[in-house]
> 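Dropping a structure here in C-alpha cells format, bear with me for questions.
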Amino acid sequence: MRIATWNVNSIRTRFGRVVDWLVREDVDVLAMQEIKCRPDQFPVEAFAQAGYELEIHGLNQWNGVAFASRHEMSDVARGFAGMPGFGKPIAGQEAVQGVDAAGLPLEARALGVTVGDLRLWSLYVPNGRALGDPHLDYKLRWLEALREDAAGWLEADPELPLALMGDWNIAPLDADMGDPSFAVGRSTHVSPEERAALAAFAPLVEDVVRPIVPEGYTFWDYKAGRFPKDQGMRIDFIMGSRAFADAVTGAAIARAERTGDAPSDHVPVVCDIDPSLLGGTFEDEYDRPMVF
DNA sequence: ATGCCCTCCGGAGGAGGA
C-alpha cells in the first residue's frame with residue numbers, strides 16, 4: 001500500500017499532473033496541501049475517473065488540505081481539537097470557517113481520515129513568515145497544540161498506526177537547508193524554536209522516510225533558479241507512530257515532479273506500507289481478491 | 001536586495017508563500 005504527501009500549490013492549476021502521477025506511481029492514498037480552493041471548486045472529476053475518492057477541507061483561496069484515496073475513508077476530521085486560529089476576531093466567522101477558544105478564525109490546515117487501520121493526517125503547518133512576526137508565534141502554538149492532541153490519540157491507543165504527513169515548514173537539520181536565503185538567526189524554518197517544536201514530536205512519531213532516503217530536498221523556491229542550482233529545503237515529512245513505522249517497507253522523494261511543465265514548488269514524499277505488518281484487520285482490496 | 005517566481009482574486013496590484 002502506497003501513501004504519499006504533496007504540497008500541490010493550487011490543485012486547480014496542478015490536477016492533471018497530480019492525477020497522472022498518482023496513476024503512474026500506483027499511489028493508494030495522497031495527502032495534499034495548499035489546494036487553494038473550496039470543495040465546490042475542486043476538480044473532483046479528474047480524480048474520480050482515475051478511481052480516487054476525495055475528502056476536502058478548503059475554506060477560500062488560501063491553504064486548504066485534502067485526501068485522494070482508492071480506499072474508503074472514514075472518521076473525517078477537519079482540524080484537530082486544540083488547533084488555534086489566527087487573525088482578528090471577526091463577527092459572523094463562526095458560521096463561515098469556525099473559531100478557536102479565543103474567537104480567532106480557524107484556517108484549513110489539518111484533515112484527518114481513517115483508511116483501514118491507518119489514521120492519517122494531511123497537515124499544512126503555518127509558514128511563520130518572519131522572525132518576530134506574530135505568524136511565527138502562531139506556527140509554534142499550532143505545532144504544540146498538534147503535539148498535545150497527537151499525544152492524546154496515542155495514549156488512548158499506543159498501537160495506533162498514525163501518520164502525520166504534510167508540509168511542516170521546518171528544516172530540522174542543517175543538511176536539510178540548501179537555500180542560502182535561509183539562515184539560522186535570520187529566517188524562519190531553521191530557528192531553534194521551530195526545530196525544537198518539531199523535535200518535541202519525537203516520543204510520538206518519527207520520520208519514516210529519512211532512514212530510507214537519507215538525502216534530498218522536497219521544496220525548491222521558484223525564485224532565483226533554486227531548483228537548477230539544487231538549493232532546496234527538506235520540509236515535507238511523513239511522521240509515523242511506532243505501529244506505522246514498523247509497517248514501512250520503502251520510501252521515496254519524487255524529485256522528478258519538480259521538472260517539466262508547471263511543477264509545484266514541492267515534490268511528493270512517498271512511503272510503502274505492508275498491511276500484514278500492521279497486526280490489524282486491514283484488507284487491501286487491491287492486493288487481495290474479494291471473496292463473496 | 002523592500003529584488004527574483006508563482007497563484008490567488010479581480011480586473012490593478014496586493015497578499016501569501018518559504
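Since the model is a prediction, treat every value here as computed from it, not as a measurement.
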> So what does Tyr124(A) touch, heavy atoms closer than 4.0 Å: a base, only the sugar-phosphate, or nothing?
sugar-phosphate
> Expressed in angstrom and rounded to an integer, what is the separation of Phe42(A) atom CZ from dT7(B) atom P?
16 Å
> Tell me the partner of dA12(B), counting only Watson-Crick (N1-N3 plus N6-O4 or O6-N4) or G-U wobble (N1-O2 and O6-N3) with both under 3.5 Å; none if nothing fits.
none
> Is the phosphate of dC9(B) approached by Arg12(A) (side-chain N or O, under 4.0 Å from OP1 or OP2)?
yes
> Starting at atom NZ of Lys223(A), determine the distance to atom P of dT2(B), rounded to an integer number of angstrom.
11 Å
> Would you kindly compare Gln41(A) and Tyr222(A) by the position of their nearest DNA chain B nucleotide and give the one closer to the 5′ end?
Tyr222(A)
> On the nucleotide dG16(B), are OP1 or OP2 found under 4.0 Å from the side-chain N or O atoms that His135(A) carries?
no
> Which whole-number value in Å describes the distance from Trp220(A) CH2 to dC6(B) P?
16 Å
> Looking only at side-chain N and O atoms, does Arg129(A) come under 4.0 Å of OP1 or OP2 in dG17(B)?
yes
> Using OP1 and OP2 only, check whether a side-chain N or O of Asn9(A) sits under 4.0 Å from dC6(B).
no
> Rounding to a whole Å, what distance do you find between Asp236(A):CG and dG17(B):C1'?
13 Å
> Which nucleotide sits closest to the side chain of Gln61(A): dG16(B), dC9(B), dA18(B)?
dC9(B)
> Rounding to an integer number of angstrom, what distance separates dT7(B) and dA1(B) when you compare their C1' atoms?
23 Å
> Quick one: are the ring centres of Phe201(A) and Trp168(A) less than 6.0 Å apart?
yes
> Is the Trp142(A) to Tyr124(A) ring centre distance short of 6.0 Å?
no
> To the nearest angstrom, how far is Asp167(A) atom CG from dG16(B) atom C1'?
13 Å
> Rounded to the nearest 0.5 Å, what's the gap from CZ on Phe67(A) to CD on Glu53(A)? Could you check?
14.0 Å
> Considering only the P atoms, how many Å lie between dG13(B) and dT2(B), rounded to the nearest integer?
22 Å
> With distance as the sole criterion, do the side chain of Asn127(A) and the base of dA18(B) form a donor-acceptor contact below 3.5 Å?
yes
> Is Thr13(A) near enough to dC6(B) that one of its side-chain N or O atoms lies under 4.0 angstrom from OP1 or OP2?
no
> Establish, with yes or no, whether the OP1 or OP2 oxygen of dA18(B) is under 4.0 angstrom from a side-chain nitrogen or oxygen of Asn7(A).
yes
> Can you tell me which nucleotide in dA18(B), dG17(B), dC8(B) comes closest to the side chain of Arg109(A)?
dG17(B)
> As an exercise, state the distance from OG of Ser122(A) to CD1 of Ile35(A), rounded to the nearest 0.5 Å.
8.5 Å
> Starting at CG of Asp221(A) and ending at C1' of dG16(B), how long is that distance when rounded to a whole Å?
12 Å
> To the nearest Å, give me how far apart CG (Leu59(A)) and P (dC8(B)) are.
17 Å
> Given that Arg38(A) and Trp62(A) both sit by DNA chain B, which one's nearest nucleotide is further toward the 5' end?
Arg38(A)
> Side chain of Asn63(A), heavy atoms from C-beta onward: which of dG17(B), dC8(B), dA18(B) has the nearest atom to it?
dG17(B)
> Quick one: Glu34(A) CD to dC5(B) P, roughly how many Å, whole number?
19 Å
> Does Glu144(A) pair with Arg147(A) as a salt bridge, N-O distance under 4.0 Å?
yes
> Per the side-chain contact (heavy atoms from CB on, under 4.5 Å) rule, which among Thr5(A), Asn9(A), Val8(A), Asn7(A) passes with His266(A)?
Asn7(A)
> For nucleotides dA15(B) and dG10(B), find the distance between their P atoms and express it as a whole number of Å.
15 Å
